[in-house]
Protein chains: 2
Amino acid sequence: MSSTTTRLSRPTHLKPQTRPLLFPFSARQKSQSTALWKTVGELNAEDKKKQQAIKSSDPYSSDPERHPVLRINNLKPFNAEPPPEILSDSYITPSAFFFKRNHLPVPQVDPASYQLHVEGLPGGVLTLSLEDLKTRFPKHTVTATLQCAGNRRSEMNTVKLVKGLNWGIAAISNATWSGAKLRDVLQAAGYGPEVAQWARHVQFEGLDKDVTGTTYGASIPLNKAVTEEGDVLLAYEMNGQELPADHGFPVRVVVPGIVGARNVKWLGKIIISAEESSSHWQQNDYKGFSPGTDWDTVDFKSAPAIQELPIQSAITTPADGAVVDRSDEEVTVKGYAWSGGGREVVRVDVSLDGGKTWQVAQLRNSDKGQAPEPMPPPGRAWAWKLWEVTTPLPPEAQELEIICKAVDNSYNMQPDTVAPIWNLRGVLSNAWHRVKLCFCSRLTSTGQEM
Amino acid sequence: MSSTTTRLSRPTHLKPQTRPLLFPFSARQKSQSTALWKTVGELNAEDKKKQQAIKSSDPYSSDPERHPVLRINNLKPFNAEPPPEILSDSYITPSAFFFKRNHLPVPQVDPASYQLHVEGLPGGVLTLSLEDLKTRFPKHTVTATLQCAGNRRSEMNTVKLVKGLNWGIAAISNATWSGAKLRDVLQAAGYGPEVAQWARHVQFEGLDKDVTGTTYGASIPLNKAVTEEGDVLLAYEMNGQELPADHGFPVRVVVPGIVGARNVKWLGKIIISAEESSSHWQQNDYKGFSPGTDWDTVDFKSAPAIQELPIQSAITTPADGAVVDRSDEEVTVKGYAWSGGGREVVRVDVSLDGGKTWQVAQLRNSDKGQAPEPMPPPGRAWAWKLWEVTTPLPPEAQELEIICKAVDNSYNMQPDTVAPIWNLRGVLSNAWHRVKLCFCSRLTSTGQEM
């Protein structure tokens, strides 16, 4: 069998200008995003002046520059994901390509005057500077994958429209985070066994705020924050550099194994409490419902706030809609797999015949050519695994569907299909991932088949 | 709408005499089980004498009497499950009906001379009597569901034959267990931080043994055993009584949230170790593989030993194949739902149209008429929930399929179908559960439709 390379073209359904326009706000901002896609790095002097003129009234005017390869789902607030193939290129996602999920304008924080307030403990409020965080507490490093609850929401939209940004499969990325342990900071602030008698949650407030002054907020269960094994960081570094503005400069909380929405960026306040955060995002968003629940009947109190996410995997290459040369004898399929709660991915199955037969993919937890990361202790597998399988192409097919599904070490599996897990917010989309390939014949320069 | 009761007949596919005979050992022992089904409690004097005569050479001769309602999968060793409707009758499963899963003959243990040995700690071997266990350590009570990894294996057999006992949907039960905390016993035996530097597992050895003297054995991760939140018990009581012989008298380990096979009965030895148990059941059994893996290609080392089980649910009533009266306007559907690892079941969806639409069932965590059990702390929901939904019957249908699927608070879902999770050992069978009902017309005594 000859060694061949599958040549791929960008799948048309993911081109920015052809993505479905689902909601009025999407339609408006789509044109902005298309404009940005074309113009980043090439503004002329006149355009720059115009932009300056409107900047003063725009809370997003101080948002940072972003890499033009990102696929923008929403410009203000900025939400974007990398092209999927970038994800399987690199075990550690470069920060510039790491998906960006902002709920509000990026706040400009002066690191010299930054203060983090820790409240709700018997000793009163503890206030820490950035320097305090860096010098008073040991620095810990954790490699952890973050995933937006809305990752793969676009597949839910094919069943029935949902409310939310139309994420593809790349609202998930993996980075190395460094900072103080939240546990250490809480202990320094007076956390002890008597607090555990009544406290149940740790609330976080960001420094990002809307026009009414409401800040972004969320909470996690106290136990996750205070156990040695929780590995929750107050991170000030991402991939060995200070946090980028889009990822929470100067400090964000990184809660390994827990949905992105609880990993609050631009962290301003930590509150130990008996109750969950009362924020919109904790109480009335980021929850999963039955497919039969609609906006008229939904009772947000009836579902728990999403914390741990379920088993997930997707095919990053070939892309859906990619064209494969008929003369190729095999195809290399790559992707990512991850599970919430520190559950380790132990297997990825790949099928080329609609799920009748399955091959087991090779997993890796390192960048190519580098030594694998050491096996994490049980229950602390916070980072994804990348996977790959090379398999013969069926010789006669005109079209080919490739499916992947993953299994974690609690032997949880992905559901087969999207419709039965459809929910009004389009979160938790983790059915088997499917891509369709089309075959073409290789043509000579004179247009004849080779 | 009139209130009606659905009249159900025993589904034919679960009658002992009509269950498929899958393997030679099953075939041989099936006739024994059928015999037992008919004869328990009605042996005549002559039969009793015959049984006495062969008893001396039979290691199973001292096995206890069992309740005749149990559906026997294997007589020696004894493996049996209750009729499914018993499960949803009672939040706490009465011990006599609790599924029995024995790997070897039931050992006869004298409680007065019983000894439990704790090994592998720096201080040497700690030996405890039953009295020591009861008096030297606080008594803790935990309500926990145990499930056999092979529960619902019969559904896998409909895809392709697997090796193992042909369990229906009732190899799962819920009981209240009392005993010493394993954590307390390990600390008394010298467990401390320095042990955590090298130890990773806690091995258990039963007093049950095969003809070569090999005892049943298994292990769990050390962390589960030593954390305050693990709730692992050395149980000497089940549902307020001393442990029945079939459930490990005088002492078994109860590992909440973990597959039944690690809940070692007739506990003789506890060993702290760097390695997992070397037993057959830990190394070469109770592991999950890809549907493409067969007995020629299986590498048992490639999969982790099953510990936490995935999300599970099933319909206990109506039974598959039940006949429903056409004049009934609605049907009440009941079942159980449970998830491993202390993850709480938060929703059960029920569909009467093949999964196109879903209704949300009512959950309960108590016996009817009793106050609900208090909400467990996060991550410690060890017990199942029973669920129920009453729904209109489609008026025209000749046949009706009812489906259930559950969701836990990590938002893990059950897979849609059995074939893609099929595995050679037939474990971890947790696809949507489906029962088919047939409609009959209610006839008058003269044979006319009412």
Side-chain angles (χ1 to χ4, degrees), chain A residues 149 200 221-224 227-229 257 259 287-293 302-311 339-341 343-344 346-349 351 355-360 377-380 403 405 407-417 419-422 427-428 430-432, chain B residues 149 200 221-224 227-229 257 259 287-293 302-311 339-341 343-344 346-351 355-360 377-380 403 405 407-417 419-421 427-428 430-432:
Chain A
R200 294 288 174 274
L222 177 69
N223 196 48
K224 171 71 180 170
T227 54
E228 183 64 41
E229 296 79 16
V259 61
K287 294 185 170 187
F289 295 96
S290 177
T293 300
S302 69
I306 297 171
Q307 296 285 350
E308 292 182 6
L309 286 170
I311 178 74
S339 190
R343 293 181 281 279
E344 186 181 350
V346 296
R347 202 180 77 235
V348 173
D349 295 330
S351 176
K356 285 192 204 75
T357 64
W358 300 89
Q359 296 173 68
V360 177
R380 294 163 86 177
I403 303 175
K405 64 178 171 79
V407 183
D408 68 24
N409 63 353
S410 297
Y411 284 100
N412 279 299
M413 322 260 175
Q414 294 175 249
D416 308 18
T417 57
I421 58 167
W422 184 97
V427 290
L428 306 158
N430 74 329
W432 299 354
Chain B
R200 294 287 173 273
L222 177 70
N223 197 48
K224 171 72 180 169
T227 55
E228 183 63 41
E229 296 78 18
V259 61
K287 295 185 171 188
F289 295 96
S290 178
T293 300
S302 69
I306 297 170
Q307 297 284 351
E308 293 182 6
L309 286 171
I311 178 75
S339 190
R343 292 180 282 278
E344 185 180 353
V346 296
R347 203 181 74 235
V348 173
D349 295 328
V350 176
S351 176
K356 285 192 204 77
T357 63
W358 300 88
Q359 296 172 72
V360 177
R380 294 162 84 177
I403 304 176
K405 65 179 170 80
V407 183
D408 69 24
N409 63 353
S410 298
Y411 284 101
N412 279 300
M413 324 261 175
Q414 294 175 251
D416 309 17
T417 58
I421 58 167
V427 289
L428 306 157
N430 74 329
W432 299 354

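Just so it is clear: chains get the letters A, B, ... in the order the sequence lines come, proteins before strands, and each one is counted from 1.
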Under 4.5 Å from a heavy atom of chain B, the part of A/Trp432 involved: side chain
Are any side-chain N or O atoms of B/Lys405 and backbone N or O atoms of B/Gln414, one a donor and one an acceptor, separated by less than 3.5 Å? no
What part of A/Leu222 is in contact with chain B, defined as an atom under 4.5 angstrom from a non-hydrogen atom: side chain, backbone, both or neither? neither
Shortest non-hydrogen separation from A/Pro304 to B/Tyr411 and the atoms involved: O-OH, 2.7 Å
Contact part of A/Glu229 toward chain B, heavy-atom cut-off under 4.5 Å: side chain, backbone, both or neither? side chain
Check whether A/Arg200 gets within reach of chain B through its side chain, its backbone, both or neither, counting any heavy atom under 4.5 Å. neither
In Å, rounded to the nearest 0.5 Å, how long is the span from CD1 of B/Ile403 to NZ of B/Lys356? 9.5 Å
Comparing A/Asn223, A/Thr293, A/Val360, A/Ile306 against chain B, the one with the most heavy-atom pairs below 4.5 Å turns out to be A/Ile306
Pick whichever of B/Val427, B/Val346, B/Thr227, B/Val259 has the most heavy-atom pairs under 4.5 Å with chain A. B/Val346
Highest number of heavy-atom pairs under 4.5 Å with chain A among B/Gly379, B/Pro415, B/Ser410, B/Pro378 belongs to B/Ser410
Give, as side chain, backbone, both or neither, the part of A/Leu309 having an atom under 4.5 angstrom from any heavy atom of chain B. backbone
B/Ile311 side chain reached by B/Asn430 side chain, heavy atoms, under 4.5 Å: yes
So does B/Glu344 get a backbone contact from the side chain of B/Asp408, meaning a donor-acceptor N/O pair under 3.5 Å? no
When you measure from the side chain of B/Asp349 to the backbone N and O of A/Ser290, does any donor-acceptor pair fall under 3.5 Å? no
Top contributor to chain B interface from A/Lys224, A/Arg343, A/Gln307 [non-hydrogen pairs under 4.5 Å]: A/Arg343
Out of curiosity, A/Arg347 CZ to B/Ser302 OG, how far, rounded to the nearest 0.5 Å? 8.5 Å
For the candidates A/Pro291, A/Ala303, A/Gly292, which exhibits the highest count of non-hydrogen atom pairs separated by less than 4.5 Å from chain B? A/Pro291
Contacting region of A/Asn412 [heavy-atom separation from chain B under 4.5 Å]: both
Ignoring hydrogens and geometry, is there a side-chain-to-backbone donor-acceptor pair from B/Ser351 to B/Thr357 under 3.5 Å? yes
